[in-house]
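Since the structure is predicted, the reported quantities are computational estimates derived from the model, not experimental observations. What's counted below: heavy atoms across the whole structure, side chains too, no hydrogens, waters or symmetry copies. Starting from 1, each residue takes its place in the sequence as its number.
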Amino acid sequence: MKQRFSALDVRATVTALQQRITGLRLQGIYDVNSKTFLFKFTKPDHKELVLVESGIRLHTTDYTRDKSITPSSFCMKLRKHLRARRLTAVRQIGMDRVVDFEFAVAAGPQDEGTYHILCEFYASGNIILTDYRYQILALLRVVRLDGAEPTYAVGKEYSLPGAREIEPVTKEEMVEWLKKAGPKDNLKRHLATFGAYGPALAEHAILRAKLSPMLRVATSVDLDLQSPQVASLVEAYNEAYQVVQKLKTSVFPGYITFLESSVGKEKEEGIDGEEDDHVYDDFGPWLFEQFKSKPYKEFSSFADAADVFFSNIEAQKLKSKAHQQESAAERKLQAIKDEHEGRVSALEKAHRKTEEQARRIEMNLEFVDQAIMIIRQAVAAGMDWKELEDLVADQKTQGNPVAERIVRLNLSTNQITLELDDPEEYWDESESDSSAKEEEEEEKEARKEFSGPMSVDLDIFESAFSNAQRYYNSRRQAGIKHAKTLAVSSQALQSAEQKIRSDLKATKITATVSQQRKPLWFEKFSWFLSSDGYLVIAGHDMQQNELLVKRHLRPGDAYVHADINGAASVIVKNKMAATAPEAASGVDKKRQPSDSDETSRSNTDGSSAESIPPSTLFQAGVMSVCQSRAWDAKIVTSAWWVEAHQVSKTAPTGEYLTTGSFMIRGKKRFLPPAQLVYGFGFMFRLADDESIARHVNARQQRLNIMEENRRAAEGQSAFTRSDSHVSDSSIADDESAGGDKQDTEEMKTSVEGSANKAATKGTDIDFGAVRRKYNLDEIDDAMEDAFEDTNSGNTGDARPSDNRRHLSAKERRDQRKGKETNSHPATDAADDSSGRKNGER
């Protein structure tokens, strides 16, 4: 696997940096680790991050990394001299792996105030800060080449190395170099150090010459000047020279190759893995011949390829380190658990063994008493202990059953050790009933670990029952000890587990490498997505209000503002309107629209904010009210909205509009009073294509409702126009000829019914469902209450409030429906009476 940049990689990177960061200002310098630094270059509305790892790599990056909390002294030195300075040039020193970043003053790079950053990518690498005379001001590491005197140190002059330049290859140079090859050198190894081409270009040239890289130079290559092998090599090297020249002037795609084993294994197992799951092998700024035989991926530039290559490897290393820490902590915790379980199991086994020994004594009472009596009598007779042991051994040889069961004599402690059997193992259980047999089977399973003869220590001055009782007492004490040990051990285990986990949390590697998300254009404003899927944007301050309206208010959008001074400008982006390409902004700066041309202007634009659902407009109004002075003053007020073409930056004659202020011409459409309720929402970013595929139709239902709302609005407007036309015709006929009003009502009803049928046929909309969806009944009631309160306040009527009861929205609707129902008979009666009067006349 390739680990660091070659000279060709440095050349491709420098070409890309010259186009991307030249002219930008160095805004910040950060430590990633002791050898890696992150340089942030910026200009208005644009930034570039350049990652420099001493001796390894140099490229722009789109990945975020955790940076050191406390910067190093070298980083502080770089910040002191270079922060906010403009980068004037980036160049490679010859064909060497040395890059010079120049921060020159306006007078020129030879004048005081110019600084250089020299990055070396060979050997251990280095990063050096110099002044305009290349006097070293700071460096990452001090270099000593010969003797103890440092070659590179603060205060010394940085001598630019003798730069190697790449030149075209001639036949004489090629033959001369090939003759220097050893007896076992192959073409790939020997040509890797030829000139300044490097190993990658050397292998590329060998393959282009139709030769094998493993060909022995001394035995398999014709070194004559007229040799076709030499001619093909020279021609291939001249093509490689052209590749280097192209990379010096233009940016070309970059490539990453994968190990064939990782890709082949996934194909065999039928796994459709992503490229990030493959094992990276190499990267390069050109599609070399050796890359074509391997699986590879193409990127838009070499910088992007290098960024993906190193960032993924870095992320894998961090994950591996974190996994090793977790594994070590788990092993330590498991060792403590095993020790605890071993201690508990030993106590449990001792408890069961003591009980089994007592049971064995009870099962062999006569034999135990007999053995105790024999030994006790011998001791009482004053027999020597040694003679007694010899006597027991002699009796064993003679087949004495009691002596055969004596294992040893411990007369110093008045004890003997007997080997006792379990008589139940030899009993015939054929005649026992089934229930007793099952119980005995369970007991046997519990005593299975103590099957066979068991050694039992007995006190010779106590009877068999006394010895059995002593064992039972010991079993009871062992049980108490076991319970105490279990409780203490469990507590100790929990404490050890908590300590291990706390230590792991304190020392756990939390550094991550993740791809940086590019923020959307509206994220610098306050924004949200309405319940209907519309984007609502508001400015944070006066400058953002000005920018928002001037740049982003388009025909068809709605401009929303609270009915109070000092509120935020809110716009609702209308995705149902077709934005004209030539319409750069909805704000008219050249002419002042009047009330008379409002309708014609809206129709001319071909788009209107009428299609935006009322619920979205109401939510935008709540946002505008909450981001106004009403929030601090706790004032409940309403908001209004207008079309985009009603917003103008042109003030009337003699007046001046401040920043963030706009002139509104035409009718304002007020929204219901808004509650001072604000909240935060969470949006989850989908990271992969699989997640995106699962959420493709997440908003389909809302989009369908929005489409129904738009069609309903169109059908309602068509019905209103037809209704108005029929009413005007009926009134004209009544006034001129005094015709029969009943005929007019019939014609009106028929036209109304046909309009409803046409609208229903074209839209298939349930208007009741639409009104319930957007809470139009509650909005109408709220607006009616606000209108009544305003009228009552303006007329100044002093009505007693004690006799009035507040009616809910449902009661008002029921009351209104009742009035409409009661009014129909009276209307019919009035029509009949008027008809009779007309007939009489």
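- Side-chain atoms of Asp9 come within 3.5 Å of backbone N or O of Ser6 as a donor-acceptor pair.
- A heavy-atom distance below 4.5 Å is found between the side chains of Val456 and Tyr471.
- Separation of atoms OG1 (Thr417) and CG (Leu458) is listed at 7.5 Å; rounding is to 0.5 Å.
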Side-chain donor-acceptor distances from residues 367-381 under 3.5 Å, at least two apart:
{"from": "Asp369", "atom 1": "OD1", "to": "Ala464", "atom 2": "N", "distance (Å)": "3.0"}
{"from": "Arg376", "atom 1": "NE", "to": "Ile460", "atom 2": "O", "distance (Å)": "2.8"}
{"from": "Arg376", "atom 1": "NH2", "to": "Ile460", "atom 2": "O", "distance (Å)": "3.0"}

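- With respect to the salt-bridge test (charged N to carboxylate O, under 4.0 angstrom), the residues Asp421 and Arg405 qualify.
- For the pairing with Ser466, the side chain to side chain contact (heavy atoms under 4.5 Å, CB included) check across Gln469, Arg470, Glu462 returns one residue only, Glu462.
- The aromatic rings of Tyr255 and Tyr296 sit perpendicular to each other, their planes meeting at more than 60°, with 30° as the lower class boundary.
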Kindly indicate, with the supporting measurements, whether the criterion side-chain hydrogen bond (donor to acceptor under 3.5 Å, both in side chains) is fulfilled by Gln316 and Asn312. CA-CA 6 Å; Gln316 291 175 4; Asn312 279 274; 5.4 Å; no
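- Without hydrogens or angle criteria, Asp281 side chain to Thr257 main chain gives no donor-acceptor distance under 3.5 Å.
- Not counting sequence neighbours, Lys332 has no partner by the salt bridge (charged side-chain N to carboxylate O under 4.0 Å, His left out) test.
- Side chain of Arg141 to main chain of Gly125: a donor-acceptor pair is present (N/O by atom type, distance under 3.5 Å, no hydrogens or angles).
- For Arg359 and Glu355, the salt-bridge test fails: no basic side-chain N is under 4.0 Å from an acidic carboxylate O.
- The shortest distance between side-chain heavy atoms of Glu203 and Phe288 does not fall below 4.5 Å.
- Counting heavy atoms from C-beta on, the side chains of Gln619 and Phe528 come closer than 4.5 Å.
- Within 6.0 Å of atom CE in Met383, more than 12 heavy atoms from other residues, nucleotides or ligands are found, so the atom counts as buried in its surroundings.
- Nearest heavy-atom pair, Asp459 versus Gln415, reported as atom, atom and distance to 0.1 Å: CA-CG, 4.4 Å.
- Heavy-atom neighbours of Phe465 CZ from other residues, nucleotides or ligands within 6.0 Å: at or below the threshold of 12.
- At least one donor-acceptor pair closer than 3.5 Å links the side chain of Gln290 to the backbone N or O of Ala200.
- The closest donor-acceptor contact from the side chain of Asn364 to the backbone of Leu420 lies at 3.5 Å or more, if one exists at all.
- Phe74 and Phe37 have perpendicular rings, their planes meeting at more than 60° on a 0 to 90° scale where under 30° would count as parallel.
- For the residue pair Arg65/Ser311, the side-chain donor-acceptor check at 3.5 Å is satisfied.
- At least one side-chain heavy atom of Val50 sits less than 4.5 Å from a side-chain heavy atom of Leu58.
- Nearest heavy atoms, Asp31 versus Ser72: OD2-N, 2.8 Å.
- Counting heavy atoms from C-beta on, the side chains of Lys353 and Gln357 come closer than 4.5 Å.
- Although no hydrogens or angles enter the test, the distance criterion places a donor-acceptor pair under 3.5 Å between the side chain of Asp307 and the main chain of Asp62.
- Cation-pi check for Lys2 over Phe283 is met; the charged atom lies under 6.0 angstrom from the ring centroid and within 45 degrees of its normal.
- Residues Arg4 and Ile56 have side chains in contact (heavy-atom distance under 4.5 Å, counting atoms from C-beta outward).
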Let's go through Asp282 and Ile256 carefully: what are the C-alpha distance in whole Å and the side-chain angles of both, what is the deciding distance for side-chain contact (heavy atoms from CB on, under 4.5 Å) to 0.1 Å, and is it a yes or a no? CA-CA 6 Å; Asp282 201 348; Ile256 291 179; over 6 Å; no
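- Here the CD1 atom belonging to Ile29 is positioned 10.0 Å from the CG atom belonging to Leu38, to the nearest 0.5 angstrom.
- At a threshold of 4.5 Å between non-hydrogen side-chain atoms, the residues His59 and Leu51 count as touching.
- The OH atom of Tyr280 lies 12.0 Å from the CZ atom of Phe310; values are rounded to the nearest 0.5 Å.
- Closest non-hydrogen pair, Ser54 versus Ser124, comes out as OG-O, 3.7 Å.
- Shown here is Lys35, whose NZ atom has more than 12 heavy atoms of other residues, nucleotides or ligands within 6.0 Å.
- Screening Glu362, Met363, Glu356 for a side chain to side chain contact (heavy atoms under 4.5 Å, CB included) involving Arg360 leaves a single residue, Glu356.
- Residues Gly399 and Glu404 come closest through the heavy atom pair CA-OE2, 3.4 Å.
- Interatomic distance, CD1 of Ile416 versus CD1 of Ile406, reported as 5.5 Å (0.5 Å rounding).
- Between the OG atom of Ser68 and the OH atom of Tyr30 there is a distance of 12.5 Å, given to the nearest 0.5 Å.
- For Gln398, the CD atom counts as densely surrounded, since its 6.0 Å shell holds more than 12 non-hydrogen atoms of other residues, nucleotides or ligands.
- For the atom pair CD (Glu314) and OG1 (Thr36), the distance works out to 7.0 Å, reported to the nearest 0.5 Å.
- Between Leu215 and Asn186, the closest side-chain pair of non-hydrogen atoms is not below 4.5 Å.
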